[in-house]
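This report refers to the structure that appears directly beneath it.
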Amino acid sequence: MNWILLILATLVPGLVWVWFFYRQDTADKAPPSILAATFGLGILAILPAAWLEMPFRDILTAPGSSLSRLIVLIVTVGLIEEASKLAALYPAYRSPAWNEPVDGIIYGSTAGLGFAAAENLLYAVTFGFEVLPLRAVFASLAHASFSGLVGFYLARVKLRGQSASIAIYGLVVASVLHGFYNFVIIDDAIPPALAIPLVLLIYRHLSSKIQEARLDSHR
């Protein structure tokens, strides 16, 4: 296996997506150094997430109803992974460069894209290069959208002084969406192809939050 090619094939799409979201910041641009650090921490976030998920792998594969599987996915995949990506936002959150509402979405999506790059690498090692095209587009956009929503609500805590409960709300929303996304992919009762329109709908919701954040910046 050509590891250099494999790493490039997972990193480059993630960086292209970072550039895509970076362009959504039309005012005071986020410093590239903070973006790079957030992307790198997003990559590293897969380590605690994988460790925390490990005890639940048998539960995920055990026979059970679709509802129980969905709940397990929300708690053991959605919540764990979104919390890990949230932790990757700490340095950006502490930085004075996070000074606009839209910055939360930019930094949040960047952490999610770092995580997605690491996850895509693991999938490619396990299942081969052929899984990368779809994952580079849709799995990356999914992770960016989940974490972008977390960042949107976290920005309200940082910049508006709102209660931390609003950030917890954002984390819960992202975790539910993340768990449902995984449920669509793995549950036999639902065609996995439905994950594509689901990701596009979630991104559309994030786009509305980008517009809302931009308006907040001008108030």
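Positions are given from 1, in the same order as the sequence printed here. The structure presented is a predicted model; accordingly, all values stated were derived computationally and were not measured.
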Acceptor/donor pairs from residues 92-100 side chains to any protein atom, 3.5 angstrom cut, sequence neighbours excluded:
{"from": "Ser95", "atom 1": "OG", "to": "Ala97", "atom 2": "N", "distance (Å)": "3.0"}
{"from": "Asn99", "atom 1": "ND2", "to": "Asp28", "atom 2": "OD2", "distance (Å)": "3.0"}

Using the side-chain contact (heavy atoms from CB on, under 4.5 Å) rule, take Asp103 and Leu159 through it: C-alpha gap first, then chi angles, then the decisive distance, then the call.
CA-CA 10 Å; Asp103 288 344; Leu159 301 177; over 6 Å; no
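- Ring geometry, Tyr123 versus Phe127: the interplanar angle falls from 30° to 60°, so the pair is classed tilted.
- The aromatic rings of His143 and Phe115 sit tilted relative to each other, their planes meeting at an angle between 30° and 60°.
- Contact check for Leu177 versus Leu149: side-chain heavy atoms found under the 4.5 Å cut-off.
- The side-chain contact (heavy atoms from CB on, under 4.5 Å) search around Ala9 returns Phe129, Leu132, not counting sequence neighbours.
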Check against salt bridge (charged side-chain N to carboxylate O under 4.0 Å, His left out), Asp216 and Arg160:
CA-CA 10 Å; Asp216 283 349; Arg160 288 187 178 180; 2.6 Å; yes
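- Side-chain contact between Val102 and Lys209 is absent, with no heavy atoms from C-beta onward closer than 4.5 Å.
- If you run side-chain contact (heavy atoms from CB on, under 4.5 Å) between Ser175 and each of Val172, Val173, Leu171, only Leu171 comes through.
- Between Gly148 and Leu206, the closest heavy-atom pair is C-CD1, 3.7 Å.
- A donor-acceptor distance shorter than 3.5 angstrom exists from the side chain of Arg214 to the backbone of Gln24, with no hydrogens or angles considered.
- If you chain together hydrophobic residues whose side chains sit under 4.5 Å apart, Leu86 and Val75 never meet in one group.
- Closest approach of Val157 and Ser163 over heavy atoms only: CG2-O, 3.5 Å.
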Would you give me the side-chain donor-acceptor pairs under 3.5 Å for residues 31-57, sequence neighbours excluded?
{"from": "Thr38", "atom 1": "OG1", "to": "Ile34", "atom 2": "O", "distance (Å)": "2.8"}

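- Put simply, Leu200 and Phe180 are part of the same group of oily side chains (I, L, V, M, F, W, Y) that touch within less than 4.5 Å, one to the next.
- No side-chain heavy atom of Pro101 sits less than 4.5 Å from a side-chain heavy atom of Arg156.
- Of all heavy-atom pairs between Val184 and Leu198, the closest is CG2-CD2, 4.1 Å.
- The CG atom of Leu73 sits 6.0 Å away from the CG atom of Asn182 when rounded to the nearest 0.5 Å.
- Contact between Ala167 and Tyr153 at its shortest, heavy atoms only, is CA-CB, 4.3 Å.
- No path of Ile, Leu, Val, Met, Phe, Trp and Tyr side chains, each step under 4.5 Å between heavy atoms, connects Ile71 with Ile74, placing them in separate hydrophobic clusters.
- Ser140 and Leu113 get closest at one heavy-atom pair: O-CD2, 3.4 Å.
- Going from atom OH of Tyr22 over to atom OH of Tyr107 covers 9.0 Å, rounded to the nearest 0.5 Å.
- For residues 106-133, the pairs satisfying salt bridge (Lys or Arg N to Asp or Glu O under 4.0 Å) are Glu119-Arg135, with sequence neighbours left out.
- Under a hydrophobic-cluster definition in which Ile, Leu, Val, Met, Phe, Trp and Tyr are linked whenever side-chain heavy atoms come within less than 4.5 Å, directly or via other members, Val150 and Ile168 are assigned to the same cluster.
- Linking ILVMFWY side-chain heavy atoms closer than 4.5 Å, directly or via other members, places Phe183 and Leu194 in a single hydrophobic cluster.
- The two residues Ala139 and Tyr181 come nearest to each other via the heavy atoms CA-OH, 3.6 Å.
- Both the sub-6.0 Å distance and the 45° axial angle are not jointly satisfied by Lys85 relative to the ring of Phe146.
- The ring-ring contact (aromatic ring centres under 6.0 Å, His included) check on Phe138 picks up nothing, with sequence neighbours excluded.
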Candidate pair Phe20 and Trp17, rule ring-ring contact (aromatic ring centres under 6.0 Å, His included), full reasoning
CA-CA 5 Å; Phe20 171 82; Trp17 275 117; 5.4 Å; yes
Evaluate Asp187 against Ser66 for side chain to side chain donor-acceptor pair (under 3.5 Å), listing each step before the verdict.
CA-CA 7 Å; Asp187 193 80; Ser66 293; 3.3 Å; yes
Check against side-chain contact (heavy atoms from CB on, under 4.5 Å), Leu154 and Lys158
CA-CA 6 Å; Leu154 189 60; Lys158 178 177 174 65; 5.9 Å; no
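- Remark: side-chain polar atoms of Thr10 are paired, donor with acceptor, to backbone N or O of Ile7 under 3.5 angstrom.
- Looking at residues two or more places apart in sequence or on another chain, you find a side-chain contact (heavy atoms from CB on, under 4.5 Å) between Val72 and Ile59, Leu60, Thr76.
- You'll find the side chain of Ile202 stays beyond 4.5 Å of the side chain of Leu141, heavy atoms only.
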